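Heads up, the thing below is written out as C-alpha cells.
Each chain gets a letter, A, B and so on, in the order the sequences are listed, and its residues count up from 1. Note that the coordinates shown come from a computational prediction; the quantities given were computed from them, not determined experimentally.
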Number of protein chains: 2
Amino acid sequence: MKPNHSWQSIQAEIIRRISERIWVPGELVPKETDLAKEFAVSRGTINRAMRELANAGLIDRKRKAGTRVALNPVRKATLDIPVIRLDVENRGVSHKHMVLMQKIVPAPALITGKLGLATGTRMLHLRTLHFAGNQPFLYEKRWVNQTAVPDILDVDFSQISANEWLVQNAPLTTGDISFSATNASKDEAETLGAKIGEALFLIDRSTWIGTMAVTNARLAYAPGFQMHTSL
Amino acid sequence: MKPNHSWQSIQAEIIRRISERIWVPGELVPKETDLAKEFAVSRGTINRAMRELANAGLIDRKRKAGTRVALNPVRKATLDIPVIRLDVENRGVSHKHMVLMQKIVPAPALITGKLGLATGTRMLHLRTLHFAGNQPFLYEKRWVNQTAVPDILDVDFSQISANEWLVQNAPLTTGDISFSATNASKDEAETLGAKIGEALFLIDRSTWIGTMAVTNARLAYAPGFQMHTSL
DNA sequence: ATCAATATTATGTTTAGACATAATAAATTG
DNA sequence: CAATTTATTATGTCTAAACATAATATTGAT
C-alpha cells in the first residue's frame with residue numbers, strides 16, 4: 001500500500017489539532033492503532049510522528065494510560081553553542097583572538113568546586129580576548145584540567161584558541177551551562193572597552209568527559225551582545 | 001531473533017567511538033548495513049540510533065555519500081521555557097504576581113516593529129511583577145495583540161498571569177527569543193528591589209501564531225538570576 | 001575534453017507483524 | 001474493606017523486506 005501520509009504530514013496534522021484545540025489539553029487523544037486506521041498508515045508511522053512531539057514536551061505519553069495533550073507545554077529553545085570563531089564569523093566579521101595570560105597555578109576553590117576536583121589542584125589558566133573585527137567581543141577566563149587533556153600543554157594558543165582546540169580534541173563532553181548578567185569589573189571593563197559597572201552577558205560553562213573534569217570557562221561578552229534563537 | 005543491543009546502547013557505542021576518536025572527524029563511518037551486521041540488529045535499529053545523532057549535529061549524513069563524523073560539532077543546549085509560575089515553584093518557593101499596570105494604548109514603534117504590526121496599533125500593555133516567595137523575581141513588560149487573542153480582554157489578571165493565560169490559550173506559537181544583559185533603570189531597580197545600574201538578565205520574546213503576531217514580552221530578572229541547563 | 005544522460009548506492013521512509021514493558025484495571029485474597 | 005496478585009492494554013522497540021530519494025559515479029555523446 002502506498003502511503004498517502006508521510007509521518008511529517010501526520011505530525012503537522014497532530015500539531016494542528018492541538019493548536020486549534022480540537023484535542024484539548026489534559027485530554028486523551030486517540031490511540032496509535034486508531035490513528036493508524038484514520039490516516040491509513042501503519043502504527044509505526046503514527047509512532048514516529050508522535051514520538052518527536054512527546055520529546056518536545058507537547059504531549060505526554062504513558063504505556064497503557066495513553067497519550068494526552070500536555071497541560072503546560074514546556075517550550076524548548078535550542079541554543080547552538082558553536083566554536084567562538086564560527087560564532088563571530090557567522091556575524092559577518094572576522095575573528096581574531098589574543099592570549100592575555102597563560103599560566104599553571106593552583107585553581108581557586110570556586111573552580112575546583114564546580115568541577116569536582118581537589119582544592120588546590122594545579123590547572124592551566126588562560127585569559128583570552130576574542131575580537132569581532134576590531135571590536136572586543138568576548139573575554140574568556142578558562143581553567144583547564146591538565147590531567148584530562150595533557151596534550152593541551154604543547155598547544156600554541158596564538159595559533160588556535162583554547163576553545164577551538166578543546167572542541168576538536170575533547171569532543172562530546174557533557175557539561176552544564178549557566179547564563180547570567182554581571183556588572184563589569186575594572187579588569188573586564190578595561191579589557192572589553194566597556195565602562196566599569198556596565199551590564200555584561202555572562203556564560204559559565206563546565207565540561208566533563210565522562211566523570212573527568214575538563215574545563216571551566218567564564219565568557220563575558222561585550223556590552224550589547226545578544227544571544228538569539230527561535231522557538 | 002532477540003536483540004543483544006538496543007538502539008540506545010548502539011547510540012552510546014557510536015558516541016564512544018566518536019569521542020575516543022576511533023571514528024575520526026571528517027571521515028566516513030561504516031554504512032548502516034555493515035553496522036547492522038556488526039551489532040547483529042536490523043538496519044532500522046542502526047538508523048534509529050544514528051538519526052538522533054545527525055539531528056544533534058554530531059554526524060553529517062547524506063544519501064549515497066554516507067555518514068561522516070562532524071568536523072565542528074555544534075553543541076546544542078536546550079533551554080526549557082516553562083510558565084513563570086512553574087519556573088518559580090520548581091525552585092522550591094511559592095509564586096505570586098502583581099499587576100502593576102494594565103492599559104490599552106498605541107504600542108511604541110519598537111514593539112510594533114518587532115512584531116511586524118502597523119505603527120500606532122493599539123495593544124494591551126501589562127506590567128507584572130512576579131515574586132519568588134517574598135522576593136521580587138521578574139519584572140515583565142508585555143504587549144499583547146488584541147486582534148490575535150480577543151478573549152484576553154476579559155481576563156482577570158489578578159487570578160492568572162498573562163504569561164500563563166497565553167501559554168494555555170495560545171499554545172504552539174512560533175517565536176524568537178533573545179537573551180542579553182542590561183543595567184537596571186530607575187523603574188526596574190525600584191520595582192525589583194535592585195540598585196540603579198545593577199546588571200539584570202533580560203529575555204525578550206516575541207511570539208506568533210502562524211503569521212499573526214500575538215505578544216512581545218520583556219522579562220527583566222532580579223539580580224543574581226541564573227538560567228541553567230546541561231549539555 | 002566537456003557536458004548530459006544513466007546507473008548505482010547509502011540513507012530515508014514505510015509496512016505488517018511480533019514481543020517487551022509499564023501502568024492501569026480487575027480479580028482474588030486476607 | 002484493604003492489600004496483593006493477575007490480567008489487560010497502549011506505548012516502546014525490533015525485524016525483514018520493500019520502495020523512495022538524493023547524491024555520486026559512470027557512461028555516452030558531442
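- Ring to ring, A/F137 and A/F131 are not that close: their centroids are 6.0 angstrom or more apart.
- The interatomic distance linking A/K64 (NZ) with C/dA22 (C1') rounds to 11 Å, in whole Å.
- Spacing between atom CD of B/E32 and atom P of C/dT14 amounts to 15 Å, rounded to whole angstrom units.
- When distances are taken from the side chain of A/K62 to each of D/dT11, C/dA23, C/dT9, the shortest belongs to C/dA23.
- Using a 4.0 Å cut-off, no side-chain N or O of B/T45 falls inside it from OP1 or OP2 of D/dT13.
- Within 6.0 Å of CG on B/D156 lie more than 12 heavy atoms contributed by other residues, nucleotides or ligands.
- Both A/I46 and A/A65 lie close to DNA chain C; mapped to their nearest nucleotides by heavy-atom distance, the more 5′-ward contact belongs to A/I46.
- Nucleotide D/dT13 holds its C1' atom 12 Å from the CD1 atom of B/I10, rounded to whole Å.
- Residues from residues 47-56 of chain B with heavy atoms under 4.0 angstrom of DNA chain C, sorted by number: B/N47.
- Of the listed nucleotides (C/dA10, C/dT14, C/dA18), C/dA18 has the atom at the smallest distance from the side chain of A/R43.
- Backbone-only contact: A/T67 has heavy atoms under 4.0 Å from sugar-phosphate atoms and none from a base.
- Taking the charged nitrogens against the carboxylate oxygens, A/E140 and A/R205 have no contact shorter than 4.0 Å, which rules out a salt bridge.
- At a threshold of 4.0 Å, the pair B/K114-B/D204 counts as salt-bridged, since one of the basic side-chain nitrogens sits closer than that to a carboxylate oxygen.
- Atoms CZ (B/R61) and P (C/dT9) sit 18 Å apart, rounded to a whole Å.
- Taking the six-membered ring where the residue is Trp, B/F225 and B/F201 present tilted rings, their angle falling between 30° and 60°.
- Residue B/D60 contributes atom CG, which lies 16 Å from atom C1' of D/dA22 at whole-angstrom precision.
- An OP1 or OP2 oxygen of C/dT13 is reached within less than 4.0 angstrom by a side-chain nitrogen or oxygen of A/Q8.
- Rounded to whole Å, the distance from CG on B/L28 to C1' on C/dT11 is 13 Å.
- Rounded to whole Å, the distance from NZ on B/K31 to C1' on D/dA23 is 15 Å.
- Salt-bridge formation is detected for the pair A/E38/A/R17: a Lys NZ or Arg NE/NH1/NH2 atom is positioned less than 4.0 Å from an Asp or Glu carboxylate oxygen.
- In this structure, CD1 of A/I59 is placed 16 Å from P of D/dA10, rounded to the nearest angstrom.
- Between C/dT9 and B/R63, no contact under 4.0 Å exists linking OP1 or OP2 to a side-chain N or O.
- Distances were taken from every side-chain heavy atom of A/W7 (C-beta onward) to each of D/dA23, C/dT14, D/dT11; the shortest belongs to C/dT14.
- Partner of B/R85 under the side-chain hydrogen bond (donor to acceptor under 3.5 Å, both in side chains) criterion, out of B/H95, B/H97, B/H130, B/E164: B/E164 alone.
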